[in-house]
Amino acid sequence: MNQVHWSDVMAQRLAERGQDHIVATGITPSGEFHIGHLREILTGDMIVRAARKAGLKAQLVFVVDNADPLRKVYPFLSDAYQAFIGHQLGSIPAPDNDGHPDWKRFETEGRSYADHFLEPFLEALAQIGVHPTLLPNLDAYQSGKFAASTKRACDDPAAIREIIERVSGRELPESWFPWQPLDSQGSLDGVSVTGYEYPLVHWTDAHGVEGSSDITKGEGKLPWRLDWPAKWGFNGITCEPFGKDHGAAGGSYDTGKEIARFFGHEPPLPLTYEWISLRGQGAMSSSTGNTVGPIEALALVPPEILRFLIANSKPNKAIEFDTGMGLVNLADEFERWSARDLEAELSDASLSRRQRVQLEDSAAALALASPDIEKAVSATSVSFRHLALLAQIKTSDAEVWASLAASHNVEDPTDELRDRLRRMRTWIDSTHFPEEMRITVLSTPSKQALEALSPELRPVIKHLHVALSDHPWTNEGITAAFKFAAESSQTSMRQLYRTCYAVFMGQERGPRLGPILANCDRTTMLDLTLACSQMV
RNA sequence: GGGCCUGUAGCUCAGUCAGGUAGAGCGUCGGACUUUUAAUCCGAUGGUCGCGGGUUCGAACCCCGUCGGGCCCGCCA
């Protein structure tokens, strides 16, 4: 069988390199995590799954870059963080609700800035079925794992400098040294290296203080372009997906490749992926607050839908995340696919190569979408659209299940379905829910909708008003009134409904009106109908 | 300046690596269900594959050029 899904292609390439694999992902916990970061880790997770499917041994690791310094005081931080700029994220206190440093928890529990942002992300990962081995980078420095590579670099800074300058095309300052020592205050900024005798790097800091940094004890860190290839080595990384920022020519992967070999190991198999942007708002960025967090996204959609989004998009394809109609369409697409018997469809010998590839690709994406690798997500047979509708009309869950029992043969709602309804209600209450999907009954006539109505339908409104006035204000009564109005005005039911939607909802189509109108005030609705009939 | 990704049906995208009759889903339109809980089912509609050249018996696919979109080359997934 051909390898069609991107994850299978990666697995195949890994198989050519060996049997044992460690797939790495890495993120700097400098601010709130967002679904862009989810692409990083899910891409890794899916490669691991594909590799195991191909009979390889594979493990997912998540390098937490908590040795990276705080770059600036982000909008969600108080000015107190000014003092921490340049300090490592794993060694400064987390912000509290007001953005002030929470010294108490930092001192009693050791809860760092990095932990603060990492925790909710890990929670989201658990929900989404990703269970990576965590590798906090600060610990790696402190336990001396970087020592060997660091020594290699510090023993021959010119070689490293040559690689970076040649490959990236940028010139490094004269003072550049392949180790950034922590200064007298614990900052990585503004430190000048004055000498090196293994294992000590001597420095003078911005405060005029002099000191020495032991590279085997993590009293500093490697610059990013060395940090990355160094940890490929001691962690035995064989594959790593990364964002396009690292993948650019002359970027950190390019220099990393050569530096890794200088350190004495092969670089991992790369996979560059595109970024996720928010529809209409550009790239997501933790620092600007232009984000949708994984937790927030999971409150709205089930994990399998998020996984499906990543699995079904080729890594080099930019994703526009849309919490409105895009999500509805995505969810319904997932639902349709999972309801199909792809196995059976693929056994059809008359399929063209093209059709076959498409089916196989979707089948692979669908399998990867399940948070639980052991079990495929079963089709709920209820579309997102339909559930959105029911959730708006029925106030209690019991009514929703009763309706589904009648219309969709759902006797006993599965846990999956209950879960979906719960998320659906959250979504409807949020600002993300698309207006297009929102059921609104008008209180004043929609001039626009009435004008859009074909001329021969306008007189029908009068019949409608009469019929509604004469029938009981119940679901059955209203439905009977519709029928009566259609007969007395010689209109087909289809056309009558079109008229009704224009009158009551200002739209061309909509859900069954009987039950909805029955929940509305009779007088208000009759007044609305009358007003409409007088307008046309 | 250097480089990467991208342009295929109204929309979202497969198909490009291994050239062989242009594919899905959505949407739209029509029909069915004695008309609809935006449902479901059936059917139809729809593309000079950005543009121009070249290679080839044959090009969406390979090569050259060109235009448009996104992005990277200090940090960012």
Side-chain angles (χ1 to χ4, degrees), chain A residues 2-4 9 25-28 30-31 33-44 65 68-69 71-72 167-170 223-225 241-252 254-255 272-277 282-288 312-320 322 325-326 328-330 332-334 336-337 340 351-362 365 381-390 392-394 400 403-404 406-408 436-437 439 475 482-483 486 492-498 501 505 507-516:
Chain A
N2 277 338
Q3 308 299 332
V4 287
V9 173
T25 60
I27 301 171
T28 303
S30 58
F33 284 72
H34 50 70
I35 49 169
H37 295 115
L38 225 41
R39 187 169 206 175
E40 161 103 3
I41 199 124
L42 277 175
T43 302
D65 283 316
D68 290 3
R71 306 269 180 211
K72 61 176 186 178
V167 178
S168 77
R170 80 182 160 120
W224 165 245
R225 282 183 189 253
F242 46 81
K244 61 177 177 181
D245 48 327
H246 293 315
S252 48
D254 262 9
T255 50
T272 309
Y273 60 85
E274 258 285 352
W275 286 19
I276 297 183
S277 61
M284 254 175 281
S285 162
S286 314
S287 47
T288 59
N312 203 36
S313 310
K314 305 201 344 177
N316 63 3
K317 217 72 180 173
I319 294 177
E320 266 202 14
D322 175 6
M325 279 314 288
V328 179
N329 292 330
L330 174 70
D332 280 347
E333 188 184 356
F334 173 77
R336 277 193 304 274
W337 278 110
R340 286 167 67 168
L351 287 175
S352 70
R353 173 170 160 247
R354 200 165 285 182
Q355 289 169 316
R356 184 168 298 275
V357 164
Q358 232 159 5
L359 283 178
E360 284 171 355
D361 203 36
S362 293
S381 81
V382 183
S383 74
F384 246 56
R385 294 187 119 85
H386 189 55
L387 196 61
L389 181 79
L390 290 178
Q392 288 179 85
I393 296 171
K394 313 288 187 188
V400 172
S403 167
L404 284 176
S407 65
H408 284 69
E436 198 181 321
M437 295 279 293
I439 293 179
N475 179 13
F482 286 157
K483 209 163 278 182
S492 72
M493 284 303 278
R494 175 187 282 266
Q495 297 301 324
L496 178 89
Y497 273 116
R498 189 155 285 192
Y501 290 120
M505 303 180 78
Q507 294 172 2
E508 279 187 28
R509 300 193 304 173
R512 181 175 287 194
L513 275 171
I516 295 170

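Each chain gets a letter, A, B and so on, in the order its sequence line appears, and its residues count up from 1. Worth saying up front: this structure is predicted, and the values here are computed from it rather than measured.
Counting atom types as modelled, A:Gln358 pairs a side-chain N or O with a base atom of B:G23 as donor and acceptor under 3.5 Å.
Going from atom CZ of A:Arg498 over to atom P of B:C29 covers 8 Å, rounded to whole Å. At whole-Å resolution of the value, OH in A:Tyr501 and C1' in B:U35 are 10 Å apart. Taking atom CD of A:Glu333 as the reference point, atom C1' of B:C11 lies 12 Å away to the nearest angstrom. As rounded to whole Å, 14 Å separates atom C1' of B:U16 from atom CG of A:Asp361. One can place NZ of A:Lys317 at 11 Å from C1' of B:G70, the figure rounded to the nearest angstrom. Put simply, CZ on A:Phe33 is 12 Å from C1' on B:C76, counting in whole angstrom units.
Counting any heavy atom pair closer than 4.0 Å across all strands shown, A:Phe482 reaches no nucleic acid atom. When heavy atoms are screened at a 4.0 angstrom cut-off, A:Asn329 is found touching no nucleic acid atom at all. Counting non-hydrogen atoms under 4.0 angstrom, A:Thr43 reaches nothing in the nucleic acid. Contacts of A:Gly26 with the nucleic acid, taken as non-hydrogen atoms under 4.0 Å apart, involve only primed sugar atoms and P, OP1 or OP2. Using a 4.0 Å heavy-atom distance criterion, A:Leu38 is classed as making no nucleic acid contact. Residue-level contact check: A:Arg39 touches neither bases nor backbone, having no heavy atom under 4.0 Å from any strand.
If you check B:U40 for Watson-Crick or wobble pairing at under 3.5 angstrom, you find it paired to B:A32.
Taking the 5.5 Å centre cut-off and the 30° plane limit, the aromatic side chain of A:Tyr273 is not classed as stacked on B:A77.
If A:Leu390 and A:Asn312 are placed on RNA chain B by their nearest nucleotide, the residue sitting closer to the 5' end is A:Asn312.
The same atom, C1', is picked in B:G15 and in B:G30; the two are 30 Å apart, to the nearest Å.
No salt bridge links A:Glu274 with A:Lys317; every basic N to acidic carboxylate O contact stays at or beyond 4.0 Å.
The side chain of A:Lys314 places no N or O atom within less than 4.0 Å of a non-bridging phosphate oxygen (OP1 or OP2) of B:U12.
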